[in-house]
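These notes concern the structure reproduced below.
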Amino acid sequence: MAKVLTKRKENYSQWYNDLVIKADLAENSAVRGCMVIKPYGFSIWEKMQAALDKMFKETGHSNAYFPLFIPKSFFSREASHVEGFAKECAVVTHYRLKNDPNGKGIIVDEDAKLEEELIVRPTSETIIWNTYKGWIQSYRDLPILCNQWANVVRWEMRTRLFLRTTEFLWQEGHTAHATKNEALEETIKMLNVYSEFAEKWMALPVIKGTKTESERFAGAIDTYSIEALMQDGKALQSGTSHFLGQNFAKAFDVKFANKEGKLDYVWASSWGVSTRLMGALIMAHSDDNGLVLPPKLAPFQVVIVPIYKNAEQLKKISEAVDAIIHKLKAKGISVKYDDRDTQKPGWKFAEYELKGVPVRLALGARDLENNTIELARRDTLEKNTYPQKNIESRIETLLDDIQNNIYNKAFKFREENTYKVDTYEEFKEIINNKGGFVLAHWDGTTETEQKIKAETKATIRCILLDNEKEEGKCIYSGKPSKQRVLFAKAY
RNA sequence: CGGGGUAUAGCGUAGUCCGGUCAUCGCGCCUGCUUUGGGAGCAGGAGGUCCCAAGUUCGAAUCUUGGUACCCCGACCA
């Protein structure tokens, strides 16, 4: 028992840290706040990228790439944008090192000071809108639908693997439109792409909504987000889509001639998801034995472990396994055959459980005699022996079952941990003791929101999009409210 | 940036109060044999700038001073 995880009940955040390390997903690097994403973790991210990228392209977007560095002056163009990001920017001031004249190592060459400092992008609206100015003259140039896969840097005070790191990987879409309506439609369309990805691929139920003014993206008119509930009762913002209005067009003077020949500012959206989704994936489904991966995002969906006493036996087992692998691959199922003789079967079982491989097959001498194979599913930890014949069809069905089962489990958890409350006492009781989503009336003021946050640490995660209107009274101020909003403690 | 901690082998640790057979133990690693259907057993072995620097002392992982790094709590965190 070399690698045991802290139990979720004992210390949820320790459990998360243990899991990330022990499942070989990522580790802290020599650079404070920056992580190394290890091959196994990165291949999950690649699966996410591939699925999202396909969805972006199917909705008409193209990938492009913009610079890592942004001239400092660009940031001051949009007032609230700079205010939102100024405190967490990494700044490049010099472009050369030299040998220390005192003989100790190398130092920054003060003669190589930049005329204008460069900011390492925390997000790319400014450099992109500066670029779009050159691309747009007429309504015929619109819309522009670009996405970029990139790394960004935000100098956070406290970091956690995947959930908040100084450098992280993400995609950011930046679109330009001739009309307000079209930009708004785009914003909603991409929010829906995100929620579909979360639910269909990550098996993660999410709630769609708009952010309140205080939680809004710096520079946006409206921020939409998808919110997921983690197993410890905290919310994780898993993706955002912003309606930017004409804010950035005005800041970067991007005008176009419309059909009537009149000049107008361009309308914009931007939207993104990051490696934070890895954190959501881990925390939503995993258990005290390790990671639980949805089959659609698992680096390999099936692992096969041979159990043998000698080389001759292994050869026979491998022949039977090869036939099964062939049939699985024909069905598009990814499979890994682990016939290493450096690790023992029991070790491999524990290892692949820790890594969340959805289906494990084991085949030994006993099975050779009976033409059987042992099948274990990760989500329920059930284990059974079946005939080898048609095992590929059984697995094909099973993978769908697992995908659905973990979604349903997460959905049920969210349902059981979502509360409607009408008094502040009840609200505090749930937020402090149970956690989860709380639907409550709010008077719509930032002041009330801040007071609730200060007293309970709970914030308004979003104002639900598909929420029925309901008259009520704000739980804090008692003032009238038209609908409930979603509160939770958040990551 | 405030408050509190920690730094000993690849990882996790004991020892620090009270200076001297004190560098401990577990995991991991290497070799051999036996094993292999849930993280194997036995035997042997390798691995150390006790964070760095200066000081006190016959003698420092241990005491003093200064530095550095990291962790936790808070503040901050579209």
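All chains are named by letter (A, B, ...) in the order of the sequence lines, taking the proteins before the strands, and each is independently numbered beginning at 1. This one's a predicted model, so the numbers in the text were calculated from it and none came from an experiment.
Closest approach to the Arg366(A) side chain among rG37(B), rG39(B), rC70(B) is made by rG37(B) (side chain taken as heavy atoms from C-beta onward). When distances are taken from the side chain of Lys87(A) to each of rG38(B), rC77(B), rU36(B), the shortest belongs to rC77(B). When distances are taken from the side chain of Lys344(A) to each of rG39(B), rU36(B), rC70(B), the shortest belongs to rU36(B). Taking every side-chain heavy atom of Glu374(A) into account, rG37(B) is the closest of rG37(B), rG39(B), rG38(B).
Annotation: side chain of Ile119(A) is not in contact with side chain of Thr126(A) (no heavy-atom distance under 4.5 Å).
At the heavy-atom level, Asp341(A) lies nowhere under 4.0 Å from the strands shown. The residue Gly364(A) sits close to a base: some heavy atom pair falls under 4.0 Å. Counting any heavy atom pair closer than 4.0 Å across all strands shown, Arg360(A) reaches a base atom. Residue Ala220(A) is out of contact with every strand shown, counting any heavy-atom pair closer than 4.0 Å. Residue Ala362(A) is classed as a base contact, given a heavy-atom separation below 4.0 Å to a base.
With C1' as the reference atom, rG66(B) and rG74(B) are 28 Å apart, rounded to whole Å. For the P atoms, the distance linking rU13(B) with rC72(B) amounts to 14 Å, nearest Å. Comparing rC50(B) with rC25(B), their C1' atoms sit 16 Å apart, to the nearest whole Å. Nucleotides rU21(B) and rU62(B) are separated by 14 Å at their P atoms, to the nearest Å. Distance check on atom P: rG3(B) versus rA75(B) gives 16 Å, rounded to whole Å. To the nearest whole angstrom, the two C1' atoms, one in rG19(B) and one in rG59(B), are 8 Å apart. One P atom belongs to rU65(B), the other to rG4(B), and the distance between them is 16 Å to the nearest Å. One P atom belongs to rC17(B), the other to rC63(B), and the distance between them is 5 Å to the nearest Å.
For the residue pair Glu353(A) and Asn289(A), no side-chain donor N or O sits within less than 3.5 Å of a side-chain acceptor on the partner. Side-chain contact, Ser318(A) with Tyr308(A): no donor N or O sits under 3.5 Å from an acceptor N or O. For the 3.5 Å distance criterion, the side chains of Ser270(A) and Glu125(A) qualify, holding a donor opposite an acceptor.
Here Arg461(A) pairs with Glu215(A) in a salt bridge; the nearest charged N to carboxylate O distance falls below 4.0 Å.
The CG atom of Asp288(A) sits 17 Å away from the C1' atom of rG38(B) (whole-angstrom rounding). The interatomic distance linking Gln14(A) (CD) with rG12(B) (P) rounds to 12 Å, in whole Å. As a whole-Å value, the separation of Glu27(A) CD from rG10(B) P is 15 Å. rC77(B) atom C1' lies 13 Å from atom NZ of Lys211(A), rounded to whole Å. The separation between Leu5(A) atom CG and rG12(B) atom C1' is 15 Å, rounded to whole Å. The CZ-C1' distance, from Arg160(A) to rC70(B), rounds to 17 Å in whole Å. Between the C1' atom of rC77(B) and the CZ atom of Phe168(A) lies a distance of 11 Å, rounded to the nearest Å. Between the CD atom of Glu353(A) and the P atom of rG39(B) there is a distance of 12 Å, rounded to whole Å.
The base of rG39(B) is not paired with the side chain of Gln343(A) by any donor and acceptor separated by under 3.5 Å. Remark: the Lys383(A) side chain and the rG38(B) base include a donor-acceptor N/O pair separated by less than 3.5 Å.
A heavy atom closer than 4.0 Å to some atom of RNA chain B occurs in Ile307(A), Tyr308(A), Lys309(A), these being the qualifying members of residues 302-320 of chain A. Across residues 144-157 of chain A, Arg154(A), Glu156(A), Met157(A) each have a non-hydrogen atom less than 4.0 Å from an atom of RNA chain B (numbered order).
Cation-pi geometry between Arg360(A) and Phe349(A) is met: under 6.0 angstrom from the ring centre, within 45 degrees of the axis.
Partners of Glu447(A) under the salt bridge (Lys or Arg N to Asp or Glu O under 4.0 Å) rule, at least two apart in sequence or in another chain, are Lys451(A). Residues forming a side chain to side chain contact (heavy atoms under 4.5 Å, CB included) with Asn11(A) (at least two apart in sequence, or on another chain): Thr6(A), Ser13(A), Gln14(A). Every residue two or more places apart in sequence or in another chain was checked for a ring-ring contact (aromatic ring centres under 6.0 Å, His included) with Trp442(A), and none qualifies.
Residue-to-nucleotide proximity on RNA chain B shows that, of Lys453(A) and Gly33(A), the 5′-proximal contact is made by Gly33(A). Mapping Glu88(A) and Asn17(A) onto RNA chain B via the closest heavy atom, the residue that lands nearer the 5' end is Asn17(A).
Under a cut-off of 6.0 angstrom, the local environment of NZ in Lys409(A) is sparse, with at most 12 non-hydrogen atoms contributed by other residues, nucleotides or ligands.
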For this session: Go through the steps for Trp271(A) and Phe56(A) under the test ring pair (Phe, Tyr, Trp, His ring centres under 6.0 Å), then give the verdict.
Result: CA-CA 11 Å; Trp271(A) 28 274; Phe56(A) 298 156; 5.2 Å; yes
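The salt bridge (charged side-chain N to carboxylate O under 4.0 Å, His left out) test with Glu227(A) singles out one residue from Lys211(A), Lys234(A), Lys208(A), and that residue is Lys211(A).
Note: Phe427(A) and Phe487(A) meet the aromatic proximity criterion, with ring centroids under 6.0 Å apart.
Between His81(A) and Phe248(A), the angle of the ring planes goes over 60°, which puts this pair in the perpendicular group of the 30/60° scheme.
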For this session: Report the secondary structure of RNA chain B in dot-bracket form, marking unpaired bases with a dot and bases paired to a different strand with |, and treating Watson-Crick or G-U pairs with both distances under 3.5 Å as paired.
Result: (((((((..(((.......[....))).((((((.....)))))).....(((((..]....))))))))))))....
